[in-house]
Amino acid sequence: MGLVSRTLERVKPSPTMAITNKAREMKAAGFDVIGLGAGEPDFDTPDNIKQAAIEAIKRGETKYTAVDGIPELKQAISEKFARENGLDYKPNEITVGSGGKHVLYNALLATLDPGDEVIIPSPYWVSYPDIVLLAGAEPVIVEAKLEDGFKLTPEALEKAITPKTKWFIFNSPSNPTGAAYTRDEIKALTDVLLRHERVWVLTDDIYEHLVYDGFEFSTPVQVEPKLKERALTLNGVSKAYSMTGWRIGYAGAPAELIKAIGKLQSQSTSNPCSISQWAAVEALRGPQDFLKDWVKSFQERRDLVVSMLNQANGLSCPTPEGAFYVYPSCQGCIGKKTPKGEVINNDADFATLLLQEEGVAVVHGEAFGLSPFFRISYATGIDALEEACRRIQRFCASLS
């Protein structure tokens, strides 16, 4: 009998965390490394949000709270859903967790049984399949092809649904590709889901506010209200408000599911950080004007990275609609050799050798379920991005 459970043996550590930690270790050892692996905005949390946390500490808001969120935050979330998405979620239909990943984990563990299936489009955020495995269920990976803009087609969704399907996970704008679905594209998918009444949809809207070129964000329940009774609409404050370390995520869903999530959370983490919850109230209710400047900056970075990568030998980089990632193909580099004679057999080799030779940390596409690609996060300063892209161009030019 081994120490580690068979359930845990089914999953692997987060590849994005691994590459981020590797870059940090190399920096600490004195290497000149530019880390483009972490999905974390480089902007500071806005001052009004930080001040709200300070005031909460001064008021003594440092005790246990309700397991799944203080009433003030649930009300702020309810107002946010109504104001920005046209959704009516009452406080008893809202849960708050220690980050979006925590809410996702709770929802899947509270609902999945062995033998259940969860449809996940690839490329996918690295944690989706492993959380499904931890819940004892089976991830069903369905490829969203490059020629379709990395977006799942309704035909592919229909084909993937079986009598065992419990959930369909939908992420727009996407991590890792930045692809965002139009309202019409979402409607085509929700039409499929309407024909399969037992299938629930989990919509991960964490990059909702980070869209470019006038793109209009929509979420599935907003497009098709009939799905509200079998949908979980997930969001959080980490990306839009640069609050990754504050660890607050939330979701709206039917009261029965929210109650089940609360039951699980009561026996695991209990309440999210009390101070972070009060900061999140201010984030959702306070000024939102800074977002325009942030989005403008992200779009400038996106345009720079896409342009420079498309000038690199062997790379091809689509222009994403949202988030702060690009997902370029390195197909043209596969089979080539570095000046030291090392062969690039796949995207993992490409990422490893790029880090070794030029000190640029990216995440290989295999980690996201679709090769031969790699992910770059452009949530960092423009000077660092420009230098990183020059190094990538140099690395690609050195291959033979």
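All of these numbers come straight from a predicted model, not from anything done at the bench.
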Task: salt bridge (Lys or Arg N to Asp or Glu O under 4.0 Å) contacts touching residues 201-210 (sequence neighbours left out) - done: K80-E208
- [ ] Apply ring pair (Phe, Tyr, Trp, His ring centres under 6.0 Å) to W246 and list each qualifying residue two or more places apart in sequence or on a separate chain.
- [x] none
TODO: Could you grab the distance from atom CD of Q356 to atom CZ of F31, nearest 0.5 Å is fine?
DONE: 10.0 Å
Side-chain donor-acceptor pairs under 3.5 Å in residues 129-140, sequence neighbours left out?
residue: D130; atom: OD1; partner: K12; partner atom: N; Å: 3.4
residue: E138; atom: OE2; partner: R10; partner atom: NH2; Å: 2.6

Open item on the list: Run the side chain to side chain donor-acceptor pair (under 3.5 Å) test against T162 and tell me which residues pass, sequence neighbours left out.
Closed with: E117
Open item on the list: Test of understanding: with side chain to side chain donor-acceptor pair (under 3.5 Å), list the residues that count as partners of T269, not counting sequence neighbours.
Closed with: H102
Task: Results of side chain to side chain donor-acceptor pair (under 3.5 Å) for D32 - residues two or more places apart only - done: R391
Show the atom names and distances, to 0.1 Å, of all donor-acceptor pairs under 3.5 Å that link a side chain in residues 306-315 to residues at least two apart or in another chain.
residue: S307; atom: OG; partner: Q311; partner atom: NE2; Å: 3.2
residue: N310; atom: OD1; partner: C317; partner atom: N; Å: 2.7
residue: N310; atom: ND2; partner: V306; partner atom: O; Å: 3.2
residue: N310; atom: ND2; partner: C317; partner atom: O; Å: 3.0
residue: Q311; atom: NE2; partner: S307; partner atom: O; Å: 3.2

Task: All pairs passing salt bridge (Lys or Arg N to Asp or Glu O under 4.0 Å) where residues 100-115 contributes a residue, at least two apart - done: none
TODO: Mind checking side chain to side chain donor-acceptor pair (under 3.5 Å) for D303 and listing every partner two or more places apart, or none if nothing turns up?
DONE: none
- [ ] If you link ILVMFWY side chains whenever their heavy atoms are less than 4.5 Å apart, which other residues fall into the same cluster as I57? By chain and number, please.
- [x] I275
Task: salt bridge (Lys or Arg N to Asp or Glu O under 4.0 Å) contacts touching residues 179-200 (sequence neighbours left out) - done: K151-E185, E158-R195, K187-D191
- [ ] Output every pair passing salt bridge (Lys or Arg N to Asp or Glu O under 4.0 Å) with a member in residues 239-249, not counting sequence neighbours, ordered by first then second residue.
- [x] none
